[in-house]
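Here's the structure, in structure tokens; my notes come after.
Computed over heavy atoms, backbone and side chain alike; hydrogens, waters and symmetry mates excluded.
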Amino acid sequence: MKISLSSTLAAAALLAAGTTLASPAPESGSVGLGGDPEKGKEKAGQICQACHGMDGNGVPGQPVWPKLAGQHPRYIYKQLMNFKNNERYNVQMSPMAMPLTEEEVKNLAAYYSTLEQSGGTAEAELVQKGEQIYRAGNADTGVPACSGCHGPAGLGSNLAKFPRIAGQYSEYLAQTLKHFRSHERANDPNAMMRGVAANMTDEEIDAVAAYIEGLNR
């Protein structure tokens with residue numbers, strides 16, 4: 001069973017754990033990045049909507065394609081430029097990003113950052129373990145708390161290029177963590193995410209991914 005974990009933490013499992021979720025206001029605007037959302041919308045309609053949807057919340061039945069709605073523009077810009085410059089590879093994304101100009105990348109980042117994310121739900125049986133990993137990590141194995149970079153509500157940081165992960169598909173999150181763990185993905189600054197994922201078990205990854213999907217503003 002999947003449940004919604006709003007930032008009011010109405011879920012009984014979270015109340016039992018005695019935790020609360022702060023909901024800091026998201027950082028607004030592109031903070032110097034620039035970009036024209038209207039031009040970005042036009043470009044998204046040409047090349048992005050098939051996988052990410054015009055509303056940026058993906059397409060039904062494909063939860064391994066991430067939601068881009070409400071994502072920080074600096075993070076979107078970085079990832080698209082990494083795909084474009086072969087610093088990150090994906091069989092679907094790389095060919096899409098390589099022809100883009102830097103201006104088009106900025107426009108797309110500006111567009112998707114203005115959209116509202118749909119949020120998600122968490123698998124109830126994984127919530128308690130997922131919250132523990134998210135908030136406290138695993139001291140025994142050297143796994144740090146996810147909240148240290150992504151914040152207690154999973155909203156990340158635009159300036160630091162830490163992505164918003166709250167409400168993201170758990171399937172995409174789990175896949176991404178496993179890609180970092182195997183070094184299939186290696187575009188994280190200072191290997192931060194590779195270091196985090198290196199000591200995570202599949203069970204921990206699935207639990208924290210489920211918990212994060214249920215974090216909704």
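- In summary, K178 and D206 engage in a salt bridge, as defined by a charged side-chain N under 4.0 Å from a carboxylate O.
- Annotation: the span from Y89 atom OH to H179 atom NE2 amounts to 12.5 Å, rounded to 0.5 Å.
- Looking at D36, its side chain never comes within 3.5 Å of a backbone N or O of N107 through a donor-acceptor pair.
- Side-chain N or O atoms of N90 include none that pairs as donor or acceptor with a backbone N or O of F83 at under 3.5 Å.
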All N/O donor-acceptor pairs, side-chain side in residues 40-54, below 3.5 Å, sequence neighbours left out:
from : atom 1 : to   : atom 2 : distance (Å)
K43  : NZ     : E104 : OE2    : 3.4
Q49  : NE2    : G45  : O      : 2.9
H52  : ND1    : P66  : O      : 3.0

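- With rounding to the nearest 0.5 angstrom, the CE atom of M200 is 5.5 Å from the CG atom of L177.
- Closest non-hydrogen pair, L215 versus A166, comes out as O-CB, 3.2 Å.
- Other residues, nucleotides and ligands contribute over 12 non-hydrogen atoms within 6.0 Å of the CD atom of E87.
- Members clustered with Y75: none, using a 4.5 Å side-chain heavy-atom cutoff among hydrophobic residues.
- The closest side-chain heavy-atom distance from N199 to N138 is not below 4.5 Å.
- At a threshold of 4.5 Å between non-hydrogen side-chain atoms, the residues Y211 and R135 count as touching.
- At a cut-off of 3.5 Å, with distance as the only test, a side-chain donor of N187 or Q79 sits close to an acceptor on the other residue.
- Of the possible polar contacts, one joining the K67 side chain to the G167 backbone as a donor-acceptor pair under 3.5 Å is found.
- Atom CD of E116 is surrounded by 12 or fewer heavy atoms from other residues, nucleotides or ligands within 6.0 Å.
- Checking side-chain atoms of N190 against main-chain N and O of M192 turns up no donor-acceptor pair under 3.5 Å.
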